[in-house]
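Note that this is a predicted model, so its numbers are computed, not measured. Position 1 is the first residue of the sequence, and the numbers go up from there.
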Amino acid sequence: MLVVTVAAAAAFAVAALSPTRVAAFDGTAPLFVAQAPGVTNSGSSLQATSFVAEPDVAALLEGILACPLVSLVVQQPKVHAHDVQRHADALPSFKAVFGPPSVKIPFVEGDMSLSRVLDSLSKCGELAVLPMSDDASVKRDLPEDKNGLVYVATLPPFDGSVAKAAANDASLDKWVARLRSQTDDVQIIFASPLVKSRLARRATSSSSNTTIPFAKQPILQKYIFFNSGLFEAIVALVLLISIVLFGVNALTSLQTPTKFEK
């Protein structure tokens, strides 16, 4: 039993600390899609999906995006899935809009730009694309020769501020409430444009340093070698090793009786 436990701990350590596993979710962005009741597509089959690789993004969008009367595409740069989890208390409207049975994929690899989303919606035919405004009117904005209407809203880049997250959540609530008050056939799409990997961001920022050329800077200044995934793996590994050592210590403390009672 002890050998099995130690082997399992070692296997977990190798898998957890593998560079591939650590970097798997680096450079990804979340994708959330909320649709009108009764909309049928393949989105229900993606409820358990957490990661989508770059080659599969086109098929992903093709499968989960429907063709309603109105679509609201909300984009916010520099958003990671962990940011949504960390600031969940400041995002009540976001949680309400993208609650079940919405499609929520936290880690999408590749560029989720506006053009890519609109390309996927092109399957719906000719669409009118307009910026979202506080006085948006579906009846006024939808031309008779178009198959649907797409409103585009861009939120400021996420900076980690709780106050900024709450303000963005209020804007989303206002937009969704206005559209849903005019029609039930509304699709809400939240996506973040391409999130560069943390290594790439550090390299880009360092290369702009005019004091020391990028090639001559220390390696720890160029790149980030420690991220949240690695930290979580180390914590889990320390816990497993502690349990194994406790078990070994308990087994080694066992002794046979030195004498028997008469």
Side-chain angles (χ1 to χ4, degrees), residues 1-32 43-57 60 78-92 94-95 98-110 158 160 162 165 192 195-203 205-206 217-262:
M1 181 65 181
L2 177 60
V3 174
V4 174
T5 303
V6 174
F12 178 84
V14 171
L17 295 177
S18 170
T20 303
R21 292 292 299 273
V22 170
F25 302 135
D26 199 21
T28 63
L31 174 66
F32 300 91
S44 58
S45 64
L46 296 168
Q47 292 297 326
T49 301
S50 60
F51 175 76
V52 176
E54 163 66 22
D56 302 324
V57 172
L60 164 74
K78 298 183 180 180
V79 175
H80 194 271
H82 296 313
D83 298 324
V84 178
Q85 297 175 358
R86 185 165 55 249
H87 298 284
D89 293 340
L91 304 171
F94 188 94
K95 292 191 295 183
F98 297 106
S102 300
V103 178
K104 293 176 286 187
I105 305 177
F107 307 104
V108 179
E109 186 180 48
F158 186 72
V162 176
S192 183
V195 177
K196 292 183 179 180
S197 71
R198 293 175 175 84
L199 295 179
R201 287 206 301 268
R202 171 61 66 88
S205 61
S206 298
Q217 291 179 10
I219 190 170
L220 293 179
Q221 187 176 349
K222 292 181 182 179
Y223 307 110
I224 295 177
F225 294 96
F226 190 82
N227 57 19
S228 58
L230 184 59
F231 174 76
E232 293 169 3
I234 291 176
V235 170
L237 183 61
V238 169
L239 179 61
L240 286 175
I241 292 178
S242 301
I243 295 173
V244 171
L245 292 178
F246 177 80
V248 171
N249 182 66
L251 290 176
T252 55
S253 65
L254 294 178
Q255 296 180 352
T256 57
T258 55
K259 62 180 179 178
F260 297 94
E261 297 181 0
K262 295 182 179 180

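In plain terms, the two heavy atoms of L91 and A165 that are nearest each other are CD2-O, 3.4 Å. Here the closest heavy-atom approach between residue N249 and residue T252 is recorded as O-OG1, 2.9 Å. Looking at every heavy atom in both residues, F51 comes nearest to I105 through N-CG2, 4.5 Å. Pairing each heavy atom of P106 with each of A81, the nearest pair is O-CB, 3.3 Å. Summarising the geometry of A90 relative to V162, their closest heavy-atom pair is CB-CG1, 3.9 Å, with the distance given to 0.1 Å. The shortest non-hydrogen separation linking E54 to E109 is N-OE1, 3.0 Å.
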Do L60 and L31 pass the side-chain contact (heavy atoms from CB on, under 4.5 Å) test, and can you show the C-alpha distance, the side-chain angles, and the key distance before you say yes or no? CA-CA 10 Å; L60 164 74; L31 174 66; 3.8 Å; yes

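Just one of V238, V244, L245 meets the side chain to side chain contact (heavy atoms under 4.5 Å, CB included) condition when paired with I241; it is L245.
One distance of note links CG of D89 with NZ of K95; it measures 5.5 Å at 0.5 Å rounding. Taken to the nearest 0.5 Å, the CD1 atom of I234 stands 14.0 Å off from the CG atom of L239.
The aromatic rings of F98 and F32 sit tilted relative to each other, their planes meeting at an angle between 30° and 60°.
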